[in-house]
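In what follows, a single structure is set out as C-alpha cells and then discussed.
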Amino acid sequence: MLKIATWNVNSLRVRLPQVLEWLQQHQPDVLALQETKLTDAAFPHSAFSEIGYHAVFAGQKTYNGVALLSQIASQTTITTLPTLADEQQRFLAATYPFQNKELHIVNVYVPNGAELGCDKYFYKLRWLESLHRYLQESIQQFSNIVVLGDFNIAPTDADVLNPTDWIDSILTSDSERQALQHLFDLGLSDAFRLFSQPEHSFSWWNYQAGSFRRNDGARIDLILLTNSLKAMAKSCYIDTAPRRLPRPSDHTPVVLELQTF
DNA sequence: ATGGTCGCCATGCGA
C-alpha cells in the first residue's frame, strides 16, 4: 500500500509540531505541503529527517512555498513551473522510485485569485494554463502521475455547502472550473470522487464566522490521478482531525491509498 | 448588510 497525502499548513513554522505528529501517526509515503511561508534557508529539514522523512522544498519569505516529504528519497525534482515565468513558489515536482516503477508527483499551490476579474484572478487562470502545458508534456514522459495540492477550486456544486452562496464567486466560477476540467481532459481523475463519500465533505473552512463549526467549507484540496493509477486507487479520504486542534491550519489533510504496483 | 480570523511582520496584505 502506498499512502500519499496533501495538506495546506498555512505556515510550517506554526504548524511544524502538528505536521510531525501527523506524519508519525499516519506514516504516509509522501506528504505534499503548501503555504509553508518559509525561505529554503529556514526549512526545518532536520526535524523531518529525525523521524525518517526526506524533504524537498521550494519556498520564499512570507508567502506561498511548497514541500514534499517522503520516506524514500526523490530521484529528480523541479522547483518551478517550466512553462511560466513566476516569482511565486507554487510548484514542486519530484519523481520517486516505487517497486522499480517511476511515480511522478506534482505538488501545486494554485493562486487563490482573490475575486473575479481582478489581476490575481487572471494570474490564477494563466497559472492553470501553464500547469496544463506542463502536464501535457509530463504525460508523454511518465505513465504514473499524481497531481495534488491546494487547487483553490471547488470542482462542482457538491463541493460547497450551499451553492447559492457561491454564484459568481472565487473558487467556483465557470472559468476556474473550465480550467480544472481542461486538466481532467488530459486523462486525470479526481481521486476523491472515485469512491462514495459523505455529503458535505470539505478540506478547507474559513477561519472567520465559525465556518468550521457550521461545516461551511469547500473541497478545494485535490488529488488527481492518471488512468494507470486510477485502477490502483483503494481509498481517498479527508482527515478532519487536525482542523479540530488548537491553532489549526484553515485546511486539513486529504489522503490517497494506492494498491502497490 | 457588514464584519467576522489568521499569519506575516510591524502595516496592511493575502487568504
Side-chain angles (χ1 to χ4, degrees), chain A residues 6-22 31-44 47 57-67 81 84 86-92 107-128 131 148-155 159-162 164-173 175-177 179-180 202-222 238-254:
Chain A
T6 180
W7 190 6
N8 178 325
V9 290
N10 185 21
S11 168
L12 184 55
R13 220 185 292 272
V14 172
R15 238 62 70 187
L16 181 60
Q18 293 182 21
V19 174
L20 292 170
E21 177 66 23
W22 196 86
L31 173 62
L33 302 178
Q34 303 85 36
E35 284 205 87
T36 54
K37 298 186 172 178
L38 289 168
T39 61
D40 291 348
F43 193 89
F57 36 89
Q60 67 186 93
K61 192 174 151 69
T62 310
Y63 299 123
N64 309 312
V66 283
L81 250 183
L84 181 72
D86 190 7
E87 290 177 357
Q88 303 188 20
Q89 302 288 10
R90 300 177 169 279
F91 177 92
L92 181 61
N107 179 12
V108 298
Y109 174 44
V110 176
N112 172 281
E115 56 185 48
L116 269 59
C118 70
D119 289 350
K120 287 176 191 162
Y121 182 73
F122 295 117
Y123 166 59
K124 180 179 196 171
L125 296 178
R126 275 203 315 279
W127 202 95
L128 286 161
L131 178 62
L148 78 175
D150 178 359
F151 283 71
N152 270 312
I153 303 171
D159 299 308
V160 294
L161 184 63
N162 186 0
T164 56
D165 290 346
W166 291 89
I167 293 167
D168 291 331
S169 173
I170 200 69
L171 311 186
T172 61
S173 72
S175 297
E176 292 167 82
R177 284 178 172 170
L180 183 60
F202 306 130
S203 64
W204 165 83
W205 301 259
N206 198 313
Y207 281 124
Q208 301 178 72
S211 301
F212 183 65
R213 180 179 46 77
R214 296 182 291 106
N215 194 31
D216 184 6
R219 190 175 69 89
I220 59 178
D221 299 274
L222 309 178
I238 296 169
D239 178 16
T240 56
R243 191 62 176 77
R244 295 171 213 285
L245 295 172
R247 283 197 92 180
S249 169
D250 47 349
H251 297 249
T252 208
V254 183

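Letters A, B, ... mirror the listed sequences (proteins, then strands); counts begin at 1.
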**Asked** Counting any heavy atom closer than 4.0 Å, what does A:Arg213 reach on the DNA or RNA strands: base, sugar-phosphate only, or nothing?
**Response** nothing
Its dot-bracket string being built from Watson-Crick and G-U pairs below 3.5 Å, with | for another strand and [ ] for crossing, DNA chain B has the pattern ....((((...))))
The single option from A:Ile220, A:Leu180, A:Ile170, A:Leu128 that satisfies side chain to side chain contact (heavy atoms under 4.5 Å, CB included) with A:Asn152 is A:Ile220
Quiz prompt | Same-atom distance (C1') from B:dC6 to B:dT11, integer angstrom | solution = 16 Å
Taking every heavy atom of A:Pro242 against every heavy atom of A:Gln18, the minimum-distance pair comes out as O-OE1, 4.2 Å
Closest to the side chain of A:Ala209, out of B:dC8, B:dG4, B:dG7, is B:dG4
Checklist line | Phosphate-side-chain proximity, A:Thr62 and B:dG14, N/O vs OP1/OP2 below 4.0 Å | finding: no
*asked:* Under 4.0 Å from OP1 or OP2 of B:dA15: is there any side-chain N or O of A:Arg90 that close?
replied: yes
Separation between the P atoms of B:dC9 and B:dG4, rounded to whole Å
24 Å
Closest to the 5' end of DNA chain B, once A:Asn112 and A:Tyr207 are matched to their nearest nucleotides, is A:Tyr207
Judged by nearest nucleotide, the residue sitting upstream toward the 5' end of DNA chain B, A:Trp204 or A:Lys61, is A:Lys61
If the C1' atom of B:dA1 is compared with that of B:dC13, how far apart are they to the nearest Å? 24 Å
Is A:Phe212 touching bases, backbone alone, or none of the nucleic acid, heavy atoms closer than 4.0 Å? nothing
| query | Should A:Arg247 be listed as having a side-chain N or O under 4.0 Å from OP1 or OP2 of B:dT5? | reply | no
- Side-chain heavy atoms of A:Trp204 within contact of A:Asn8, under 4.5 Å: no
A:His251 NE2 to B:dC6 C1', in whole Å, measures 12 Å
Between A:Val160 and A:Ala154, the two heavy atoms sitting closest are CG1-CB, 3.9 Å
When rounded to whole Å, the CG to C1' distance for the pair A:Asp250 and B:dC8 reads 14 Å
Here the distance between atom P of B:dC13 and atom CD of A:Gln88, to the nearest Å, is 16 Å
Taken to the nearest whole Å, CG/A:Asn8 to P/B:dG14 is 17 Å
Rounded to whole Å, the OH-P distance (A:Tyr63 to B:dG12) equals 13 Å
Shortest non-hydrogen pair, A:Leu171 vs A:Trp166, comes out as CD1-CZ3, 3.8 Å
*Check against side chain to side chain donor-acceptor pair (under 3.5 Å), A:Asp239 and A:Trp22*: CA-CA 10 Å; A:Asp239 178 16; A:Trp22 196 86; 2.8 Å; yes
note: A:Lys124, atom NZ; B:dA15, atom C1'; distance rounded to Å ~ 11 Å
Give a yes or no on whether A:Asp119 atom CG has more than 12 heavy-atom contacts from other residues, nucleotides or ligands under 6.0 Å away. no
A:Asn206 atom CG is separated from B:dG14 atom P, nearest whole Å, by 17 Å
- Query: Is there side-chain contact between A:Arg243 and A:Phe202, with heavy atoms separated by less than 4.5 Å?
  - Reply: no
From CD of A:Gln60 across to P of B:dG14 the rounded distance in Å is 12 Å
